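Worth saying up front: this structure is predicted, and the values here are computed from it rather than measured.
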Amino acid sequence: SLLNLVGQMWENRQLQYLPIEKLTSREHEVLFSKTSKQLSIDSDKLLVKEEAKVPDQSSTTELQVLEALRRRGIALAFCDMMSWEAHERYLQTLFGHLRTEAPDGYVKPSSQQVLKADREVFLLLIRKDINVRRRPDDILSLDTEIMVALQSYEVGFHLMPLPKQKTQEAKTNPTSYGPQPRNTGWYDNKSAPYSKGGGKGKQKGKNKKMSNILPR
């Protein structure tokens, strides 16, 4: 299914951005594809055709994202739209931002930022109306134009390190100043008036004092 999507780009001479969930593997297609029958009319004949539908394939980890984008590179090379070496060089530069140390107070770019940058690269190429077919001088335009788009400001904006989220110090480290709740201490044996003494002869007076403290 991925080869068919890229092949349609070559036929239509129009580059398109394929979301990562559409970059399915052959194994995923064999295991989870479903066939459905559709009616069609061809030369005044009613035909029943079977169409295979491939569900989206999720890619959450960094390795899964890299493998999905590499499958796209295989499809582009298969359709003679971009060389495999140029696409691999592009991925190495793009994923190199994940290994770059961020300044203090910032975090390194995430896989989601890499996907946003990759999407922006293809949007820039689409706006420039890049030729997806091999030129008369036997050069593939995507081999060079994709690196030019990767170095643009619009793409670099998505790869910038983000500031760390500050913890709520008011909740984790409460301050000691300010009004404090009043503690009556009637339940504290050391501070309650009925705790003084403790002899049997004072049991009656103790109960009397407790009745004055407890709420009615």
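- Here the closest non-hydrogen pair linking Leu125 and Glu145 is CD2-O, 3.6 Å.
- Using a 4.5 Å cut-off between side-chain heavy atoms of Ile, Leu, Val, Met, Phe, Trp and Tyr, with links allowed through other members, Leu94 and Leu18 fall into the same hydrophobic cluster.
- Shown here is Met147, whose CE atom has more than 12 heavy atoms of other residues, nucleotides or ligands within 6.0 Å.
- Linking Ile, Leu, Val, Met, Phe, Trp and Tyr whenever their side-chain heavy atoms come within less than 4.5 Å puts Leu142 and Phe122 in one cluster.
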Could you go step by step and tell me if Met81 and Leu15 meet the side chain to side chain contact (heavy atoms under 4.5 Å, CB included) rule?
-> CA-CA 10 Å; Met81 295 173 55; Leu15 182 65; 4.3 Å; yes
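- Separating the CD atom in Glu120 from the NE2 atom in His158 is a distance of 4.5 Å, to the nearest 0.5 Å.
- The pair Glu154-Arg119 does not meet the salt-bridge criterion, since no charged nitrogen lies less than 4.0 angstrom from a carboxylate oxygen.
- Cluster annotation: Ile130 is connected to Met82 through the hydrophobic network of ILVMFWY side chains, with a link wherever side-chain heavy atoms come within less than 4.5 Å.
- Tracing side-chain contacts under 4.5 Å through hydrophobic residues (I, L, V, M, F, W, Y), one never reaches Val148 starting from Leu123; they form parts of separate clusters.
- A donor-acceptor pair under 3.5 Å is formed between the side chain of Gln113 and the backbone N or O of Met160.
- A salt bridge links Arg26 and Glu29; the closest N-O separation between the charged side-chain nitrogens and carboxylate oxygens is under 4.0 Å.
- Distance check: Leu124 CG to Ser152 OG gives 4.5 Å after rounding to the nearest 0.5 Å.
- Of the inter-residue distances, the one linking Leu66 atom CG with Gln92 atom CD reads 9.5 Å to the nearest 0.5 angstrom.
- Using a cut-off of 4.0 Å between Lys/Arg side-chain N and Asp/Glu carboxylate O, Arg134 and Asp143 are scored as not salt-bridged.
- Judged by distance alone, the side chain of Gln57 and the main-chain N or O of Lys22 form no donor-acceptor pair under 3.5 Å.
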Verdict with reasoning, Gln14 to Asp129, per side chain to side chain contact (heavy atoms under 4.5 Å, CB included) = CA-CA 8 Å; Gln14 181 62 51; Asp129 195 17; 4.1 Å; yes
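- In this structure, Ser83 OG and Glu88 CD are separated by 10.5 Å, a value rounded to the nearest 0.5 Å.
- One hydrophobic cluster, built from ILVMFWY side chains closer than 4.5 Å, holds both Leu115 and Leu150.
- More than 12 heavy atoms of other residues, nucleotides or ligands shown are found within 6.0 angstrom of CZ on Arg135.
- To the nearest 0.5 Å, the span separating CG on Leu23 from OG on Ser59 amounts to 7.5 Å.
- Taking the six-membered ring where the residue is Trp, Trp84 and His87 present parallel rings, their angle staying beneath 30° rather than reaching 60°.
- When all heavy atoms of Gln64 and Thr60 are compared, the closest pair comes out as OE1-N, 2.8 Å.
- Taking CD1 from Ile20 and CZ from Arg71, the interatomic distance works out to 8.0 Å, rounded to the nearest 0.5 Å.
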Quick one: do Val65 and Phe95 satisfy side chain to side chain contact (heavy atoms under 4.5 Å, CB included)? Show the steps, please.
-> CA-CA 10 Å; Val65 172; Phe95 279 80; 3.9 Å; yes
Enumerate, atom names and distances included, each donor-acceptor pair closer than 3.5 Å involving a side-chain atom of residues 97-112, sequence neighbours excluded.
unit_1	atom_1	unit_2	atom_2	d
Thr100	OG1	Gly96	O	3.1

Does the side chain to side chain contact (heavy atoms under 4.5 Å, CB included) test come out yes or no for Asp118 and Tyr17, once each step is laid out?
-> CA-CA 9 Å; Asp118 178 72; Tyr17 171 74; 3.7 Å; yes
